Protein chains: 2
Amino acid sequence: MNKYTNKLDHFISQLNTDTQQDIMALPKQMVYEKGDFLLKEGTICKKSFVLESGIIRKFYLNEGKEITTEFYFKDDIALSFKSYISQEPSNEYLQVLEKTVVMVTDYDDVLKLQKTHPELIELELLFMQQYVIWLDERLFHFHTLDAKQKYQLLLNKTPHIIQNIPLNYIASYLGVSPETISRIRASK
Amino acid sequence: MNKYTNKLDHFISQLNTDTQQDIMALPKQMVYEKGDFLLKEGTICKKSFVLESGIIRKFYLNEGKEITTEFYFKDDIALSFKSYISQEPSNEYLQVLEKTVVMVTDYDDVLKLQKTHPELIELELLFMQQYVIWLDERLFHFHTLDAKQKYQLLLNKTPHIIQNIPLNYIASYLGVSPETISRIRASK
DNA sequence: TTAATTAATTGACATAGGTCAAGTATCAAT
DNA sequence: ATTGATACTTGACCTATGTCAATTAATTAA
C-alpha cells in the first residue's frame, strides 16, 4: 500500500501504448545502501526516486538538529518538492535507511517528454494534487492532535513506519521528543 | 502583495491573446457582506474566488471548535482544496470577514476550457505548485517555531493579518490560545 | 563472543502554554 | 449617550511535554 500514487498508475494505464512505453523507458534502476544520501542540502533535486524496496527518509536541519519530514516505502515517490519544481538548491536531505532499490528518473527527461506528449503535464498535476492532500492532512494533525494521538494515528494508519524506523526519527517526524514517544509506548 | 499568484499572472500573460480572452470571460463579479459563507461543510466546492477586495477566512470544525486554516486578501485565490479537486463534499467553511468583492469562476467552466485549451492544465499545475510550497512552509513553522516566534513571523511577513483580523482567529490559525497571543503582545 | 556503540527507557525536574474566571475595553445598535 | 454584546487582557493555577542525566537494552564490529 503506497502513499499517493494509485491515481497516477490509473492515469498512465489509460494513455496510449506508445506514450506508456516512452514513460517506462525513462527510469533507471539503482541500488543504495543504508546511510547513502540521494540528495543533500544545497544540491538541486534533479531526479525523482520511485521505490521498489527499502526505506528512505527526508529531513532538514534546524538549529543543528535533524527534523524528519517524510518516510518513503515501496511505490512511493521520493523527492524534495520545492527544489524539484523550482530547480533551485534544496534545504532537505534524502537518506536511505536500509538497502533500497529505486527507479530513478531525470526531471529534464520528464520535461522533454512533456514537450512531445503534453498530456503528461496532467500526470504531474495529479501528483501535485495527491501531495497537497497529504500535506493538508498532516498539517491538520499538527493542528489538532496531541503527542499520544499522533503516535496512535501512525500506529493505526502506517504500522510499517513504527515497525521499521528508529524511534528518534519517528519522534522528530511527529514533532515530539523521543522520551515522550517512549513514555506513550510504556503507558499501555 | 498576494500570496502565490504572481507566477500565474506571468503564465497567463504569455498565452496567445485569444486564450487570454477566453479565460478572462469566465469569472463573474460578486459582492459579499461580513459573515456570509462562500462554502459550508458538506457542500462541494465548485467555484474559486479571486479577491478584488476584502478578507475571507477558511476554517473547519474540530470537536465543536473552529480551526482557522487560511486568510485571503486581495488577489488571493480562495477555495477548499481537497473538495475542489476531488469534487467531493468539503469539511471546510469559507467565510467573509468584511465586505468583499470577488471574481467567481466555476470549476466546470475551467475544465471545459482545459479541453479546448490543454495548455491551461499547466496553469492549474502552477497553482498547485505554489500552494504546495506555501503548505510546506506552514508545516515547517508548526514543526520548528514556538508561539512567540509564530506570532512574530506573522507580524513581520503579513502585518495585514495582524491588523485586520480578530485575535481569536489569529490564535487558532497559529495553533495557540487567544490568551497566549494576548500575553505575547503585552510582553514587549 | 565480547567489547563498543547506538538506541530506548525511566526518573526528576523545568517550563511553555492551556484552561478557567474575572475584569476591562471596544464596538454596535437603539 | 446608554445599553448590551463582543473582543481583549490579566491573574491563578494546571498539565502536557521538554530537558537532562542515569540506566538498560539492542546492534554492530572486531
Side-chain angles (χ1 to χ4, degrees), chain A residues 32-36 54-55 57 59 61-68 71 95-100 139-155 159-188, chain B residues 33-36 54-55 57 59 61-68 71 95-99 139-155 159-188:
Chain A
Y32 292 93
E33 299 300 325
K34 180 173 179 174
D36 287 355
I55 310 177
R57 79 173 173 121
F59 69 94
L61 293 177
N62 184 255
E63 297 176 359
K65 289 176 72 175
E66 296 181 359
I67 311 262
T68 297
F71 301 111
Q95 187 181 32
V96 167
L97 294 189
E98 60 177 48
K99 185 184 175 182
T100 292
L139 197 52
F140 167 66
H141 296 148
F142 266 79
H143 223 140
T144 56
L145 305 181
D146 64 18
K148 189 169 196 170
Q149 292 171 320
K150 282 189 278 187
Y151 180 77
Q152 286 177 339
L153 188 75
L154 214 57
L155 200 62
H160 50 291
I161 289 181
I162 305 289
Q163 283 150 22
N164 293 293
I165 292 176
L167 173 142
N168 64 328
Y169 294 159
I170 293 174
S172 141
Y173 177 71
L174 296 179
V176 298
S177 71
E179 291 91 336
T180 294
I181 300 289
S182 190
R183 288 187 179 105
I184 288 166
R185 281 182 175 175
S187 77
K188 45 175 299 185
Chain B
E33 298 301 326
K34 178 173 180 175
D36 287 354
I55 310 178
R57 79 172 173 124
F59 69 94
L61 292 177
N62 185 253
E63 298 175 357
K65 288 176 72 176
E66 296 182 358
I67 311 264
T68 297
F71 300 111
Q95 186 181 33
V96 167
L97 294 189
E98 61 176 49
K99 185 183 175 184
L139 198 51
F140 167 67
H141 295 147
F142 265 79
H143 223 141
T144 56
L145 305 181
D146 64 18
K148 189 168 194 169
Q149 291 171 320
K150 282 190 280 187
Y151 179 78
Q152 286 177 338
L153 188 74
L154 215 57
L155 199 63
H160 50 292
I161 290 183
I162 303 289
Q163 283 151 20
N164 294 294
I165 292 176
L167 172 143
N168 63 329
Y169 295 159
I170 294 174
S172 143
Y173 177 72
L174 296 180
V176 299
S177 71
E179 291 92 334
T180 295
I181 299 289
S182 190
R183 287 189 180 103
I184 288 166
R185 283 183 173 173
S187 77
K188 44 173 298 185

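Sequence lines set the chain letters: A, B, ... in the order given, protein chains first and strands last, and positions in each chain run from 1. Note: hydrogens, waters and symmetry copies are ignored here, and every other heavy atom, side chains too, is used. Bear in mind the structure is a predicted one, so any value in this text is a computation, not a measurement.
- If you measure from atom CG of A/L167 to atom P of D/dA25, you get 16 Å, rounded to the nearest angstrom.
- One atom, CG of A/L145, and another, C1' of D/dA16, lie 15 Å apart when rounded to the nearest Å.
- At a threshold of 4.0 angstrom between heavy atoms, the contacts of B/K34 with the nucleic acid are absent.
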Intermediate values then yes/no, side chain to side chain contact (heavy atoms under 4.5 Å, CB included), B/N164 and B/I55 | CA-CA 9 Å; B/N164 294 294; B/I55 310 178; 3.5 Å; yes
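- A straight line from CD of A/Q149 to P of D/dT15 spans 17 Å, rounded to a whole angstrom.
- The interatomic distance linking B/R183 (CZ) with D/dC13 (P) rounds to 13 Å, in whole Å.
- At a threshold of 4.5 Å between non-hydrogen side-chain atoms, the residues B/T68 and B/Q95 do not count as touching.
- Looking at every heavy atom in both residues, A/A171 comes nearest to A/I181 through CB-CG1, 3.8 Å.
- Across the protein-nucleic acid pair, A/I170 atom CD1 and C/dA8 atom P stand 8 Å apart, rounded to whole Å.
- Between A/E98 and A/R57, no side-chain nitrogen of the basic residue sits less than 4.0 Å from a carboxylate oxygen of the acidic one, so the salt-bridge criterion is not met.
- For the ring-ring contact (aromatic ring centres under 6.0 Å, His included) with A/Y173, the qualifying choice from A/Y151, A/F71, A/F142, A/F59 is A/F71, the only one to do so.
- The distance between atom NZ of B/K148 and atom C1' of C/dA16, rounded to the nearest whole Å, is 12 Å.
- Taking 3.5 Å as the limit, the base of D/dC20 and the side chain of A/E179 contain a donor-acceptor pair of atoms between them.
- Here the side chain of A/H141 pairs no donor or acceptor atom with the backbone of A/Q149 at under 3.5 angstrom.
- In this structure, NZ on A/K150 lies 9.0 Å from OG1 on A/T144, to the nearest 0.5 angstrom.
- Regarding contacts with the backbone of C/dT9, a side-chain N or O of A/R185 is found under 4.0 angstrom from either OP1 or OP2.
- In this entry the distance linking CD1 of B/I184 with P of C/dA16 reads 11 Å, nearest Å.
- Residues B/P178 and A/T180 each lie close to DNA chain C; by heavy-atom proximity, the contact nearer the 5' end of the strand is made by A/T180.
- Taken over five-pair windows at either terminus, the axes of the helix from C/dT1-D/dA30 to C/dT30-D/dA1 are inclined to one another by 50° (rounded to 10 degrees).
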